[in-house]
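Residue numbers count from 1 along this sequence. Every number for a ligand or one of its atoms is a count from 1 in the order of the listing. Not measured: the values here are computed from a predicted model. What you see below is based on every heavy atom in this structure, not just the backbone, and it leaves out hydrogens, waters and symmetry mates.
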Amino acid sequence: MGKIRVEGLKKNFGANEVLKGIDVKVEEGEVVCVIGPSGSGKSTFLRCMNRLEEISAGKVIVDDQDINDPKTNINKVRENIGMVFQHFNLFPHFNVLKNIMFAPMELGKQSEKEARAAALRLLEQVGLSDKADAFPSQLSGGQKQRVAIARALAMNPDIMLFDEPTSALDPEMVGEVLGVMNDLAREGMTMIIVTHEMGFAREVADRVIFMDGGYIVEEGTPEEVFGNPKHERTISFLDKVL
Ligand code: ADP
Ligand code: MG
C-alpha cells in the first residue's frame, strides 16, 4: 500500500552523494511538507518522484509501479503527477488559457472545446477568471504561479509536487498561492511540498519531513516536528527559520 513508496533511494552526481538512503511512504490524500537547509537534497528528492533524475540506488514506486523499471511507461506516470516549480516556467508566447490548454490538447487527452472548458474552470478555481486572455508578462508573480498550478492541474493528476512554489514571490503574493494549495489539500490531493513557509507547513501538512545532508533526519506530524523536535539538527534549523 501507499500512493508513493520510496525505498533506499540514493542519488549521486558524480562523486557527490546527494541522497544517501531515503525511505518514505506517502498515502493517498496525504500532504507531506519537506523542509530543510539549502543543499540538503530536497529538490533532488522531489525530482526523483517523477524520474526527472535517474536514481543511483533504491526504488521509487508510484501507484504500485516501479517508475525506474525500463518496462514502465514513464510518460504515463508523469501524466498523473503535476509539478510546480519556484520559477513558473509558463510559455511566454501563449496566453493564460493556451498555457493551461496546451498539454491536454497536445497529448490528445481533450478536444479544444473540452480543454477550453476545463481551463476556464481551473482559472476560476485559482481565482483568475479575468486573466484568460492575458500573457504571462502581464501577470504578477503570484498570478503566474496560480496559472502554473492550474496548468499542472489541467492534466487531472492525482499527485502534485511543489518545489518552493512561493520562494520567488514578493511577500504580499505568497498568501494567494498558499491559499490555492490549501484548497487542493482539503480536496484530498496527494501532495509533496518543499517549502520554507513554516506556518503553512504547520497548518496544512499531515506530515513534515526534515532533510539535512541527504538524509531524512526527522519526520512526524507538524506538532511533533515543530512543537517537539528531537534531533539537534532539526532544533538548530528551526531556531534559524522560525
Ligand atoms: P535543495 O533543494 O535542498 O537546496 P538540491 O537537491 O537542489 O538541494 O541539491 C543538493 C545537492 O545536489 C547540492 O549540493 C547541489 O549542488 C547538487 N546538485 C543538484 N542538482 C545537481 C546537478 N544536476 N548536477 C550536479 N549537482 C547537483
Ligand atoms: Mg531546492
Side-chain angles (χ1 to χ4, degrees), residues 4-26 31-60 62 67-68 74 78 81-90 141-142 144-145 148-149 151-152 159-171 173-174 177-178 180-181 190-202 204-205 207-220 222 225-226 229 231-242:
I4 304 173
R5 274 170 19 226
V6 177
E7 295 167 4
L9 168 61
K10 294 186 180 181
K11 171 65 184 175
N12 47 272
F13 294 104
N16 185 13
E17 190 168 59
V18 169
L19 299 177
K20 298 178 178 162
I22 302 272
D23 295 284
V24 180
K25 202 159 94 177
V26 179
V31 177
V32 175
C33 283
V34 181
I35 63 172
S38 180
S40 56
K42 305 181 299 297
S43 294
T44 304
F45 165 67
L46 209 62
R47 291 165 60 80
C48 289
M49 297 304 102
N50 57 1
R51 212 170 118 187
L52 289 179
E53 302 288 355
E54 294 298 333
I55 68 177
S56 307
K59 276 194 174 134
V60 177
V62 178
I67 69 165
N68 295 288
I74 188 63
R78 284 183 185 141
I81 306 179
M83 190 156 189
V84 174
F85 302 91
Q86 180 175 355
H87 298 285
F88 330 107
N89 306 332
L90 297 176
K144 279 187 236 189
Q145 194 59 300
I149 294 172
R151 185 179 59 173
I159 297 169
M160 286 286 285
L161 308 176
F162 293 87
D163 194 356
E164 299 194 28
T166 60
S167 295
L169 300 178
D170 291 332
M173 293 170 189
V174 168
V177 172
L178 295 180
V180 168
M181 293 166 62
T190 306
M191 298 163 73
I192 306 181
I193 305 165
V194 175
T195 186
H196 293 296
E197 295 292 333
M198 299 300 151
F200 174 83
R202 194 165 195 151
V204 178
R207 189 144 49 99
V208 175
I209 289 177
F210 171 67
M211 283 183 67
D212 194 12
Y215 291 104
I216 292 179
V217 172
E218 182 156 358
E219 67 178 302
V225 174
F226 292 117
H231 291 259
E232 194 51 52
R233 283 192 280 173
T234 320
I235 293 167
S236 107
F237 175 76
L238 290 175
D239 269 348
K240 283 183 211 131
V241 298
L242 287 179

* Asked: Looking only at non-hydrogen atoms, which of Gly36, Ser38, Gly41 approaches atom 8 (O) of ligand 1 most closely?
  -> Gly41
* Answer yes or no: is there a donor N or O on one side and an acceptor on the other, between the side chain of Lys25 and the main chain of Glu7, under 3.5 Å? => no
* Asked: If you look at every heavy atom in Arg207 and Glu219, which pair is closest and at what distance?
  -> NH1-OE1, 2.5 Å
* Could you tell me whether atom 15 (C) of ligand 1 has a protein heavy atom closer than 4.0 Å? => no
* Asked: Does an N or O from Ser40, backbone or side chain, lie closer than 3.5 Å to an N or O of ligand 1?
  -> yes
* To do: Take atom NZ of Lys59 as the centre, draw a 6.0 Å sphere, and report whether it contains more than 12 heavy atoms from other residues, nucleotides or ligands.
  => no
* What protein heavy atom sits nearest atom 9 (O) of ligand 1, and how far away is it? -> Thr44 OG1, 3.9 Å
* Asked: Looking at atom 26 (N) of ligand 1, would you say a protein heavy atom lies below 4.0 Å from it?
  -> yes
* Taking C-beta and beyond as the side chain, do Val194 and Glu164 meet within less than 4.5 Å on heavy atoms? -> yes
* Are Val6 and Phe45 close enough that some pair of their side-chain heavy atoms sits under 4.5 Å apart? -> yes
* Asked: Side chains of Val60 and Asn68: closer than 4.5 Å at any heavy-atom pair?
  -> yes
* Structure fact -> Per-atom filter on ligand 1: closer than 4.0 angstrom to a heavy atom of Asn16 are 14 (O)
* Structure fact -> Under 4.0 Å from one or more heavy atoms of Val18, ligand 1 contributes atoms 10 (C), 11 (C), 12 (O), 17 (C)
* Atoms in ligand 1 flagged as close to Pro37, the criterion being non-hydrogen separation under 4.0 Å -> 3 (O)
* To do: Report yes or no: does Thr44 have an N/O/S atom closer than 2.8 Å to the Mg ion (ligand 2)?
  => no
* Considering only the protein, which heavy-atom contact is closest to atom 1 (P) of ligand 1, and what is its distance? -> Gly39 N, 3.5 Å
* To do: Looking only at protein heavy atoms, identify the closest one to atom 7 (O) of ligand 1 and say how far it is in Å.
  => Ser43 CB, 3.7 Å
* **Smallest separation among heavy atoms of Thr234 and Pro229, with atom names** => CG2-CB, 3.9 Å
* Taking the side chain from Ser56 and the backbone from Asn12, do they hold a donor-acceptor pair closer than 3.5 Å? -> yes
* Asked: Can an N or O of Phe13 be found at a distance shorter than 3.5 Å from an N or O of ligand 1?
  -> no
